[in-house]
Every structure is written in C-alpha cells, then in structure tokens.
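The basis for the numbers below is simple: all heavy atoms, side chains too, and nothing from hydrogens, waters or symmetry mates. Residue numbers begin at 1 in each chain, while the letters A, B, ... track the order of the sequences.
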4 protein chains.
Amino acid sequence: MTAVHRRSEQARQAILQAAFDICQQKGYAGLTIEGVASRAGVGKQTIYRWWSSKGTVVLDAFLDALGPTIDVPPAGDHLADLRRSLHSTADLLSHPRYGPMLADLVGALQHDEALAADFQQRVYEPIRRQTTERVERACAAGVIRHIDANLAADLLFGPLWFRALLMRQPPSTDYVDEVIDALLRGLAGSTPGAGGRE
Amino acid sequence: MTAVHRRSEQARQAILQAAFDICQQKGYAGLTIEGVASRAGVGKQTIYRWWSSKGTVVLDAFLDALGPTIDVPPAGDHLADLRRSLHSTADLLSHPRYGPMLADLVGALQHDEALAADFQQRVYEPIRRQTTERVERACAAGVIRHIDANLAADLLFGPLWFRALLMRQPPSTDYVDEVIDALLRGLAGSTPGAGGRE
Amino acid sequence: MTAVHRRSEQARQAILQAAFDICQQKGYAGLTIEGVASRAGVGKQTIYRWWSSKGTVVLDAFLDALGPTIDVPPAGDHLADLRRSLHSTADLLSHPRYGPMLADLVGALQHDEALAADFQQRVYEPIRRQTTERVERACAAGVIRHIDANLAADLLFGPLWFRALLMRQPPSTDYVDEVIDALLRGLAGSTPGAGGRE
Amino acid sequence: MTAVHRRSEQARQAILQAAFDICQQKGYAGLTIEGVASRAGVGKQTIYRWWSSKGTVVLDAFLDALGPTIDVPPAGDHLADLRRSLHSTADLLSHPRYGPMLADLVGALQHDEALAADFQQRVYEPIRRQTTERVERACAAGVIRHIDANLAADLLFGPLWFRALLMRQPPSTDYVDEVIDALLRGLAGSTPGAGGRE
DNA sequence: AGCTAAGCGAGACGGTACGTCACGTCTTACA
DNA sequence: TGTAAGACGTGACGTACCGTCTCGCTTAGCT
C-alpha cells in the first residue's frame, strides 16, 4: 500500500549541500543542475524527480541551512523584538556569503511564479506573521501609534531590502537603527498642515 | 580619420525594439540574443559588437522605451513633487507590461555586476538625485523634519520596491499615499521615551 | 528441499507476449526492457532475473510465438521437402509483421555475440540440420548431384536472406521457385571449359 | 546569394575518421554521437547539422574509407570479372576490422528506413549494376546460360552474405570458388525430370 | 570614379547545459 | 523466495544558446 524504496535522505542532503555550496561559490546564475548532481554524486534524474526547477532546489538548500536562523524569538519588549527582527534580516542580507545568495534568490523569483509562491509561503510569510504580530502588540501596548500592521511591516523592512536589492549596499547595523528611529520620529516638519496632496 | 561606415541606427532600433517586445512577452529569462537577432532581422555579431551582455541590451531597450517617463518634472510644492515621484515609480511597477519587466531587470542585477553598475548609473542615480534634492529642499522649507536625504529616500521608495519585488504585489496609488502619510506622521506612540534599543 | 516460490509462469508469458507485441509495433530498436515490464505489468527485476539481454527476450518471444511454424515436416519427396522448407522461410520473411521483426533480430545479432550464439543454436541449427539431411537424402537418391550439404544449404537459403536483409525486398513464392530452378539447372553456358579462375 | 561560411571540410573529415575508428574499436552499437564528437574535437551540433542519424555517419565513414575498394575494374574475361567481384566482397566481409563493421551496418539497416535507402543507393546499387552488367555480357558471350541478371546476382552474392550475417562465418576465398563452381555446374542430379514442385 | 575599410546579414563552429529516456542494480513490502 | 514497484547512479539522447569566427555584400569618405 505504501510507497516502496522511499526517497533517499542521503541523496536529498547531498543535493542541498551541493546546491548551497555552489550557490555561494558561483552565485545563483552559475549554479546548474548538472553541477549540483555532479558535486553531490547523484544522478540528474534524482534532482528532477523531487524538485521542479533549480530555484526550488536553491530555496530548499537555503532553508535547510538558514531556516532556523530566520526565526527571532521574542524577549518581551515589543519594540525591541521588532528591532531584533530587523537586525536579523539586515545581518542576513549583509552576510558575505548568504546575502548575495538571498538576493539572487529574490532575483530569480521575478521570473518564476512557482518559485515566487514557494518563497512567499516558506520564507516570507513566517517573517511577515511574526512582524505583524509584534507590531500589533506594540500598538496595543501603546508603544507605537495605531497603524495597519502590514503597512508598518513594509515601512520597516522595505528600506532594508531596497538597499540590498536596488542599491546593492547591504544594510549595516547602524543603518537599521537609523531607519527605526526615523520611522518612530516621523518625517513631518514644523510647518503645520503640510501633506503635499494635490 | 573617422569611421567609414558608422553604426546603423536602423539596426540599433530594431534590436532594442525586438528586445523590448520579447522581454514583455517571454520575460527576461526567455530573452536570448539569438531570439533578438532573429526577430530584429540582424546578425548576432551586430548585437555583440555594441552590447556586452543581454542585460545591457534590455536595459537600453527599457530606457529607450520608458526613459522619458521616469523623470518627473517639479511643480513647486516640494512635498507634492516627492509624492508625484513616488506615484510615478508605483505606476511603473504596477504597469501590467513594464512592471514585471522592470522587476525581472532588477532580478537580473543580482547576479550581474556590470549590469548592476549600469543600472545604478543610468536608472537609479537620476531618480535618487532628484529625490534627495527634493527632500533637501523640503527640509530647508521646514516642510519635513531635518533628516539625511538618502535615508529619507530609502524610507520613501523602499516600501514600494519591497512590495513589488518581495511580495509581488505592485503598489497601488492609494498604497503610496498611505506610505507617505504614515511616514510623515511617524510610528511613535503615546508611551514616551520608548525606543526598544537594547 | 524445493524452492519456496518457483518462477511465475504467468509472468513469463506476460513478458514474452509484451515483448512480441512491442517488437511488432515499434521494432526491435523501439523495444525497451522498461516498456516490456510496464506492458506486462511486471517488475524490471523479474525480466533481468531470467533473461540476460533484450535480445534473448525477443528471441524467446519469437520462438514462443513462431517456433512451431519453423519446422516443416517431410512429405516423402526429398526435393519437394526442400522446396517447402524454402517456401516456409520465404513466407516468414515476407510476412508483414514477422518478417521485419525477424530481420531486426538478425540485425541485432551483428553486435551481440551472446544473442548470435543463442540464435545460432535455437533457430538456425535446427533448420540447418533439417536442410542438410534432406540434401543428403536427395543426393543419395540421385535427385541432385553430389555436393557438400552445407554448401547446398547456403546456395538455397542465401538468396532468400540476401533479398530480405540487403535489398529489403522479401522473397515472393515465385522467386523461391525461380531460385530453385536456376540452381538445379546451373549457370554454365554452352562455351565448354569456361571457369574464369585466374 | 550563396551560403556563407561554408561547411568545414576539416570537421567533416575529423568526424568521419572518428566514427570509423570508434566503429572498428567498439562496434556499431558502441558508437555514440557524443563519442564521435568528443574524439573528433567537434560540437555535437556539427554532426547533427549534417547527418540525420548515427547510421548515416557510419555509412559515410565507411564509404569515405572503403568506397574505392568496392569497385572492381574489369579485366576482359566476364566470368573472371564476376569471380573477382565476389572475391572482393568476400574479402571485405572477412576483413577482421571492416567485416564486422559492415555486418553491423547491415544490421542497423533493418530498423532504419532512411539508412536502408541510403545504403541501397550508395553501396548496393553500384555493386549490383556492375554485377548484372557482367552477367549479361557473360550470357551474351555464351559463357553462362541465359538467366535473369538480377536472379544470377542473388545466386552469386546471396550465399556470401548469408554466411556472414546469419552464420557469422565470413566467407573464405575457397568458399567463394566453391560457390561459383557449384552454381555453374548446377544441382540437378542424374534422375531425369525431378523438380519437386507440388 | 574607384578604392578600401568598416558595418552588416547570415550562419557554421566548439562548447555547456538542458530536461528526458533507458540502462542495470538496489531496496522494500507483500504473498 | 519470487514478485511488483520504483528510486538510484550512469550515460547518451537531441535541442537550445552561448560567444567567436568567417564569408560576401553594401556603403561612405578619401584619394
């Protein structure tokens, strides 16, 4: 009744490890299925059997290696938790090895719907959920003004990814703090009533 | 002294047009030099003679088609000018045809240093410069609080790109206004002195 | 003492039937072990356990289906028996389904020593033996001139296979008779002593 | 108007040479397009561009190497010319290197219509034509009895190919002479009127 | 007006990787 | 222990493009 000769865990790990290594060394574009198969000592078919594209392999490899580090446990102070989440993301983006890999992965997302959905579900949603919860708690505690939690998450994480992907200058620790402080303070100046709407 | 047979303007335009069309129809990944050459009725060599990679062709094609629309002329009110810049970017990212193409292009940036530099110089810098100037003028006018202009630009544009690239939900017009309003207002809540730094 | 689970006759027949069917439909080259296993509803291993190569499977399938028809029972008249043997072979080679299959099989022989030996022993030798015996009896009866029986067999069957394999025009019934008649008559012309030896 | 950068003669020869060498060393079945490309220092596409299958490559390689030897110039005596043609074919079939290769090629013919047609036209027809002409001249000269030239050709060459392909015992020089002598003499015995027709 | 050097279209070339197919071996669960 | 099922490492398939090259043409500017 059940499947027989089940999937080889050894092959799975060898493949993910090889993919991760190659992606670090030669970048996402330099990673080929043949290369992964060869380095993992595995047949190409074994890769195609379980993954639909090189993007999904890399995503799996990424999560297998870094998944645990993405989650930032809470420490009580809502605002501080948020700040630590941002630092964690900034650190990842700034990491000499994982940063470019992650950026590459996001790049690949742009022309691969399936990969994008996978990334959304497995990487982005968890972070998002954690963030919005913390924003909501901070709102409830009166630490930050009432605001749509998703919008707040965009305001917090947007600048980090922006620098990493568009300007290709991964965000430093100080930069994260500057972003948060500026956000808390707000941009509004002394001239009352200004809003610029036309 | 001068070249005997100058570059064919006709070939150049045919190539950029073909590249633009293919990129829209099949995405950046589906665009090949052979495909462009074939559609443009041009020899491959003619492409390789004048462009160093497919990324630069696409970038040129993009700028040739959309360059003018990127620039947003000022209208006097500094804050309104900024707002219109953001709307312009949001509209581009939300455009059914150009949005995905632009996202693809930014995706390709992540593993192509030369393309990244080119993009930086020809697309990003002009927008950046315009933005920071307006921020500075708005600061000087007291419309917005004193802030590093680059940081402000990140805060403004970051969320837009974030939604487009990471969440793959291009920013709507309303969303842009929500971002600006929230930024002006600031996140800080009623509880005084909170900052969350550890 | 005895095996606990003896070879499954059902599987054996399903395999040979599947092999025969596939070979007819897609030719020897289009027959694969996987295809046979799949059509027979059998594990590949079951095939590999009992046959050493696809050639041997096909040979078995061929003999299983056509073996009986190869043997041509004698009817008394030695020459007529020979003639009927030739007709039988010609009919097989001309059969719209089995002819090409047999030709394919002989084709495969050319690069498969084991298969060649098997074919030799199981297909060719029986026919050969039958033929040489009939030739010898015909000699003894004075119906045909004294001649090495193997040579005579070659002279009789050679032209048939030649047309089938080299010219790819399977021998017709009439052709067989023309061959026999010409052989009986001999080629020698009226000019005496001619032999052409150098 | 004409094609530009015409086919590389150097590549063509390297490919045919490589194919010939591999076919001798590893047999027709052991020859792969990849192997030929690799040994010839050539891209696979270059082979696929000019040949439709591995059979046609091998056929070309065969003709390139042995074509000239197939033709047997006449020496005046019609019967002797025929005898020399047979010896030539027998020698080829018996050659330790070319014999198996030729047999393999004929084997491949059995499941490749295009190759069969090519072989027919380029290998078989020339020999056939030569043979039938000589038979006709020998008839006219009265050296051999009047007979359909095609039938005579089958009677002459059939036994040789039969031994090579079916019995896998390439015909020796003596065997050729035995065949010819027996054919000239005829099989008919002393018993008059025998024919065996039913 | 003729010469000549560049740009041009075409497309062959040696390569790399693609995604698929079948090989023959293996492991597992069932009968 | 034989079997159906099917995963595994291997290697070839035929295709798509890569970036380089060579060819024969067209054309512009200089003698």
[X] has an atom [atom1]; how far is it from atom [atom2] of [N], in whole Å?
X       : N      : atom1 : atom2 : answer
B/Ile22 : F/dC17 : CD1   : C1'   : 13 Å
B/Gln13 : E/dG7  : CD    : C1'   : 17 Å
B/Ile15 : E/dA10 : CD1   : C1'   : 14 Å
B/Glu34 : E/dG11 : CD    : C1'   : 10 Å
B/Gln10 : F/dT27 : CD    : P     : 11 Å

TODO: Sequence neighbours left out, what passes salt bridge (charged side-chain N to carboxylate O under 4.0 Å, His left out) with C/Arg97? Give chain and number order.
DONE: none
Side chain of [X]: nearest nucleotide among [options]?
X       : options               : value
A/Lys44 : E/dG9, E/dG19, F/dA4  : E/dG19
C/Trp50 : E/dG7, E/dC13, F/dT3  : F/dT3
D/Gln45 : F/dC18, F/dC8, F/dT15 : F/dT15
C/Thr32 : E/dG19, F/dC8, E/dC23 : E/dC23

Open item on the list: On DNA chain E, compare the nucleotides closest to D/Ala11 and A/Tyr48; which residue's is nearer the 5' end?
Closed with: D/Ala11
Is [X] close enough to [N] that one of its side-chain N or O atoms is under 4.0 Å from OP1 or OP2 there?
X       : N      : value
B/Arg49 : E/dC8  : yes
D/Thr46 : E/dG14 : yes
C/Arg7  : F/dT3  : no

Open item on the list: Quick check for you: to the nearest 0.5 Å, what is the distance between B/Gln110 atom CD and A/Leu165 atom CG?
Closed with: 5.0 Å
Task: Interatomic distance, D/Phe20 atom CZ to D/Leu66 atom CG [nearest 0.5 angstrom] - done: 4.5 Å
Task: Distance-only polar pair, side chains of C/Asp21 and C/Gln25, donor-acceptor under 3.5 Å - done: no
TODO: Answer yes or no: is there an ion pair linking D/Arg12 with D/Asp60, defined by an N-O contact shorter than 4.0 Å?
DONE: no
Task: Along DNA chain F (nearest heavy atom to each residue), the more 5'-positioned of A/Val42 and B/Gly30 - done: A/Val42
Open item on the list: Pick the closest DNA chain F nucleotide for B/Leu31 and for C/Gly41 by heavy atoms, then say which residue is nearer the 5' end.
Closed with: C/Gly41
